[in-house]
Amino acid sequence: WELLVERAAQPLPPDAIYVSGLAARMEYLYDTEFREPGWVWMMKLFQVVAGPSDLSSRLFSFACSVAMLAVVYAFVRRYFGSAWMAALVTASLGSHRFLVDAASQGLRTDLFTLVVTGFAYAVFVPGLAPSRRGIALGVMASAVVLTQFSGFLIVVPLLCHAAWRHRLSW
């Protein structure tokens, strides 16, 4: 939070400026030019609530960071079955300098990490009903790819793993 307040007076990175402006000008759902639509759509949704500004871009990134920590906690807690391990992992991520810095820049780093962690939750967490796992895999795989196109490199092998491991039928 302190770094977010400190950075508020500094200019955004060029990529964040471009996407923030693109989201502010967006009139139709697919006015995303050549950028990944998931990031632009989420930024536009956040700008509708908070208004288009550098600060709202930073707050969007910060909100994604906080949500990512919650999803990481839930994933580790369900996967390992330990609240202590989940708290330790979440605390180490929440205090990691790179992630703290990324949360104040208005970039998609935190959003991408959030959706990849949600996808990993759907793939690896035991005990999900097959129908819920299938729905979660579809939604989160789409979110990963729409947030960053190179997410295919993560999604395709893990979907194959999930289909084999959990005997998902298409």
Side-chain angles (χ1 to χ4, degrees), residues 1-76 86 88-124 136-161:
W1 179 257
E2 292 171 6
L3 189 58
L4 178 68
V5 172
E6 178 183 315
R7 287 249 170 109
Q10 298 174 0
L12 288 172
D15 202 29
I17 292 170
Y18 178 76
V19 170
S20 179
L22 184 62
R25 293 186 309 271
M26 189 167 82
E27 294 180 24
Y28 303 103
L29 190 60
Y30 292 102
D31 285 346
T32 60
E33 295 179 3
F34 60 90
R35 296 309 306 232
E36 292 89 345
W39 183 24
V40 180
W41 294 339
M42 294 297 290
M43 181 66 75
K44 178 66 174 183
L45 183 64
F46 201 81
Q47 286 180 353
V48 166
V49 174
S53 68
D54 288 357
L55 183 59
S56 70
S57 294
R58 292 183 195 281
L59 287 173
F60 169 72
S61 186
F62 181 75
C64 287
S65 179
V66 172
M68 183 255 309
L69 290 174
V71 171
V72 165
Y73 179 85
F75 172 69
V76 173
L88 181 66
V89 169
T90 305
S92 66
L93 278 177
S95 62
H96 191 276
R97 180 68 182 167
F98 172 77
L99 294 174
V100 170
D101 188 53
S104 66
Q105 291 188 16
L107 297 170
R108 69 176 163 198
T109 308
D110 299 298
L111 176 61
F112 186 65
T113 307
L114 170 65
V115 295
V116 166
T117 306
F119 181 69
Y121 187 96
V123 171
F124 294 113
L137 284 170
V139 169
M140 295 313 296
S142 300
V144 168
V145 174
L146 287 172
T147 302
Q148 189 166 324
F149 290 140
S150 64
F152 270 115
L153 298 173
I154 298 168
V155 166
V156 171
L158 288 180
L159 279 177
C160 293
H161 169 77

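The first residue of the sequence shown is numbered 1, and numbering continues consecutively from there. Values below: all heavy atoms of this structure, side chains included; hydrogens, waters and symmetry mates excluded.
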Determine, step by step, whether L69 and L93 satisfy the side-chain contact (heavy atoms from CB on, under 4.5 Å) criterion, reporting the C-alpha distance in whole Å, the side-chain angles of both residues, the deciding distance to 0.1 Å, and the verdict. CA-CA 7 Å; L69 290 174; L93 278 177; 3.8 Å; yes
Who passes salt bridge (charged side-chain N to carboxylate O under 4.0 Å, His left out) against D31, sequence neighbours left out? none
Answer whether the closest heavy-atom distance between the side chains of L146 and W39 falls below 4.5 Å. no
Measuring only between side-chain heavy atoms, which start at C-beta, is L159 closer than 4.5 Å to F119? yes
When you measure from the side chain of [X] to the backbone N and O of [Y], does any donor-acceptor pair fall under 3.5 Å?
| X | Y | answer |
| --- | --- | --- |
| R58 | G106 | no |
| T113 | T109 | yes |
| T147 | G38 | no |

When rounded to the nearest 0.5 angstrom, what distance separates CE in M68 from OG1 in T90? 9.5 Å
I'd like to know whether M26 forms a side-chain contact (heavy atoms from CB on, under 4.5 Å) with L22, so could you lay out the CA-CA distance, the side-chain angles of the two residues, the decisive distance to 0.1 Å, and finally the verdict. CA-CA 6 Å; M26 189 167 82; L22 184 62; 6.0 Å; no
Residues in ring pair (Phe, Tyr, Trp, His ring centres under 6.0 Å) with F60, at least two apart? F46
Enumerate, atom names and distances included, each donor-acceptor pair closer than 3.5 Å involving a side-chain atom of residues 8-21, sequence neighbours excluded.
| from | atom 1 | to | atom 2 | distance (Å) |
| --- | --- | --- | --- | --- |
| Q10 | OE1 | R7 | NE | 3.4 |
| D15 | OD1 | R35 | NH1 | 2.6 |
| Y18 | OH | E33 | OE1 | 2.1 |
| S20 | OG | Q47 | NE2 | 3.1 |
| S20 | OG | S57 | OG | 3.2 |

Taking everything shown except F152 itself, do over 12 heavy atoms lie less than 6.0 Å from its CZ? no
Under 6.0 Å from the NE2 atom of H161, do we count more than 12 heavy atoms belonging to anything else shown? yes
